[in-house]
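Report on the following structure.
Order of listing sets the numbers, starting from 1, for every ligand and every atom in it.
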Amino acid sequence: MKENIISHNYQVSKTDRQEKNNHTSFLIWFTGLSGSGKSTIANVVEQELYKLGVKTYTLDGDNIRKGINSDLTFAPEDRTENIRRIAEIGNLMVDAGLVTLAAFVSPYKKDRENIKNIVKDVNFVEVYINTSVEECERRDVKGLYKKARAGEIKNMTGISAPYEAPENPDIEIKTEEKTVEEAVHDIMNFIKPKLKYSDE
Ligand SMILES: Nc1ncnc2c1ncn2[C@@H]1O[C@H](COP(=O)(O)OS(=O)(=O)O)[C@@H](OP(=O)(O)O)[C@H]1O
Ligand SMILES: Nc1ncnc2c1ncn2[C@@H]1O[C@H](COP(=O)(O)OP(=O)(O)O)[C@@H](O)[C@H]1O
């Protein structure tokens, strides 16, 4: 029962960890269609952060949907639970002092709003990887669009399930107009000032 869970007061705080790392910690959330470029861009952003000496970790389908969330499908209520658990994990990682990257389709606005409630607005950077479904289908990196068109996959985002685009993302990247390098440059420009730790 939740009311019987009483918090212990740990002496090493998030602030202590940030001070030791000499950078702040926050969650960079990439949302967009399958094949839009979330993983490709997140991967290079993480490399750039690594070069700066920033402690990072990336959450994506490989380490989440194959592991802790392997019980979840792509039905709307399971996607909601998928995103909720990832936000909770992201919150722990931010508390641990890491700049955490998360790359998930996360198609529902209310689920993305809930991430902000879990990690708090100030710790959350929303990056909308805006690629048209036509382009994602043309890329069809994993052959999923072909399967969805053939009726072999139900609930395919962009084809038979909705994608609710963010209205006010912190950063929007149109990958049909920008290279990966340009996208990473824009994202780094936004997050670099946020990394500065100050104990004032
Ligand atoms: N029905 C359906 N719709 C969308 N995506 C599908 C589907 N079935 C499997 N996949 C593959 O699973 C990846 C999306 O998982 P996510 O956890 O990011 O989805 S969600 O946020 O819960 O909507 C997604 O990975 P990415 O291509 O990296 O986005 C797909 O490869
Ligand atoms: N400007 C771009 N930004 C990101 N990816 C791009 C771009 N142009 C082409 N691509 C290609 O699109 C594909 C995106 O796949 P991926 O990163 O796996 O998408 P997601 O993680 O959103 O499913 C990759 O093959 C990548 O090389």
Side-chain angles (χ1 to χ4, degrees), residues 27-48 57-91 100-116 118-119 124-166 169 171-190:
L27 177 62
I28 310 170
W29 190 279
F30 296 80
T31 173
L33 294 170
S34 173
S36 58
K38 303 180 297 296
S39 328
T40 302
I41 295 169
N43 185 25
V44 184
V45 168
E46 186 173 30
Q47 288 173 59
E48 290 299 312
Y57 192 76
T58 297
L59 301 168
D60 68 8
D62 276 344
N63 53 29
I64 295 291
R65 272 205 177 263
K66 286 186 186 162
I68 194 165
N69 286 355
S70 60
D71 57 323
L72 300 177
T73 70
F74 288 91
E77 61 277 15
D78 276 12
R79 292 191 198 236
T80 296
E81 177 61 6
N82 182 43
I83 300 309
R84 187 194 69 78
R85 289 185 201 168
I86 297 159
E88 291 287 358
I89 294 166
N91 193 37
T100 309
L101 300 92
F104 295 90
V105 175
S106 42
Y108 297 115
K109 213 169 159 208
K110 70 168 175 34
D111 295 346
R112 295 192 304 265
E113 282 302 312
N114 193 35
I115 309 167
K116 285 187 219 172
I118 293 170
V119 301
F124 181 72
V125 177
E126 186 175 49
V127 183
Y128 172 29
I129 305 297
N130 183 354
T131 308
S132 67
V133 68
E134 292 77 17
E135 174 64 11
C136 292
E137 192 166 2
R138 198 188 59 73
R139 292 179 189 167
D140 208 1
V141 185
K142 299 174 180 167
L144 296 176
Y145 288 96
K146 196 166 172 233
K147 284 190 185 164
R149 291 288 182 201
E152 290 165 30
I153 296 181
K154 286 184 202 132
N155 283 330
M156 181 67 195
T157 306
I159 305 289
S160 44
Y163 179 80
E164 299 169 0
I171 308 168
E172 179 172 355
I173 304 289
K174 295 185 175 168
T175 71
E176 287 149 277
E177 295 170 13
K178 274 195 175 136
T179 63
V180 174
E181 291 68 30
E182 287 167 340
V184 171
H185 184 257
D186 286 0
I187 296 167
M188 290 304 292
N189 276 350
F190 185 91

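- In terms of protein heavy atoms, atom 24 (C) of ligand 1 is closest to S34 OG, 4.0 Å.
- Heavy atoms of T175 found under 4.0 angstrom from ligand 2 belong to the backbone as well as the side chain.
- Close approach of ligand 1 to S106 is summarised as follows: ligand atoms under 4.0 Å from at least one heavy atom of the residue are 20 (S), 21 (O), 23 (O).
- For the pair R138 and E134, the salt-bridge criterion is not met [side-chain N within less than 4.0 Å of a carboxylate O].
- A side-chain contact (heavy atoms from CB on, under 4.5 Å) with E137 is found for exactly one of L144, I159, L33, namely I159.
- Only the backbone of T179 comes within 4.0 Å of ligand 2, judged by heavy-atom distances.
- When only non-hydrogen protein atoms are considered, atom 6 (C) of ligand 1 lies nearest to F74 CE2, 3.5 Å.
- Some N or O of S39 is nearer than 3.5 Å to an N or O of ligand 2, by distance alone.
- Neither the backbone nor the side chain of E176 has any atom closer than 4.0 Å to an atom of ligand 2 (non-hydrogen atoms only).
- Against a heavy-atom cut-off of under 4.0 Å, V180 is close to the following atoms of ligand 2: 1 (N), 2 (C), 3 (N), 4 (C).
- T73 and D78 share a donor-acceptor pair across their side chains, judged by distance under 3.5 Å alone.
- Looking at N155, T73, T40, it is N155 that brings a heavy atom closest to atom 1 (N) of ligand 1.
- Taking a 4.0 Å cut-off on heavy atoms, P107 registers as neighbouring ligand 1.
- Distance from atom 16 (P) of ligand 2 to its nearest protein heavy atom, with residue and atom name: T40 OG1, 3.6 Å.
- Within ligand 2, the atoms closer than 4.0 Å to a non-hydrogen atom of S34 are 23 (O), numbered from 1 in the order shown.
- Of all the heavy atoms of K154, the ones lying under 4.0 Å from any atom of ligand 1 belong exclusively to the backbone.
- Across the listed options G61, G32, G35, A42, G35 owns the non-hydrogen atom lying nearest to atom 20 (P) of ligand 2.
- Below 4.0 Å from some heavy atom of I41 lie the following atoms of ligand 2, by number and element: 3 (N), 4 (C).
- Here R85 pairs with D71 in a salt bridge; the nearest charged N to carboxylate O distance falls below 4.0 Å.
- Counting only heavy atoms from C-beta outward, the side chains of N82 and D111 never approach each other to under 4.5 Å.
- Heavy atoms of I83 found under 4.0 angstrom from ligand 1 belong exclusively to the side chain.
- Closest protein heavy atom to atom 15 (O) of ligand 2: V141 CG2, 3.6 Å.
- Taking distance alone, with nitrogen or oxygen atoms compared against 3.5 Å, K142 stays at or beyond that limit from ligand 2.
- The nearest protein atom to atom 19 (O) of ligand 2, hydrogens excluded, is given as G37 N, 3.1 Å; this is a heavy-atom distance.
- For T157, heavy-atom contacts with ligand 1 shorter than 4.0 Å involve the backbone as well as the side chain.
- Among protein heavy atoms, the minimum distance from atom 8 (N) of ligand 2 is reached at R139 NH2, 3.5 Å.
- Of all atoms in ligand 2, numbered sequentially from 1 with element shown, those under 4.0 Å from a heavy atom of L33 are 22 (O).
- Closest to atom 28 (O) of ligand 1 by heavy atom, among K142, R79, E81, is K142.
- Near G35, meaning under 4.0 Å from any of its heavy atoms, are these atoms of ligand 1: 27 (O).
- Here's the thing with L144: none of its N/O atoms is less than 3.5 angstrom from an N/O atom of ligand 1.
- Taking the charged nitrogens against the carboxylate oxygens, K110 and E113 have no contact shorter than 4.0 Å, which rules out a salt bridge.
- From the protein, the heavy atom lying nearest to atom 1 (N) of ligand 2 is K178 O, 2.7 Å.
- Side-chain contact check for S34 and Y145: no donor-acceptor pair (N or O, by modelled atom type) lies under 3.5 Å.
- In this structure the side chain of M188 reaches within 4.5 angstrom of the side chain of V45, judged on heavy atoms.
- Evaluated for a side-chain contact (heavy atoms from CB on, under 4.5 Å) with E46, the options I28, T100, L101 yield exactly one hit, L101.
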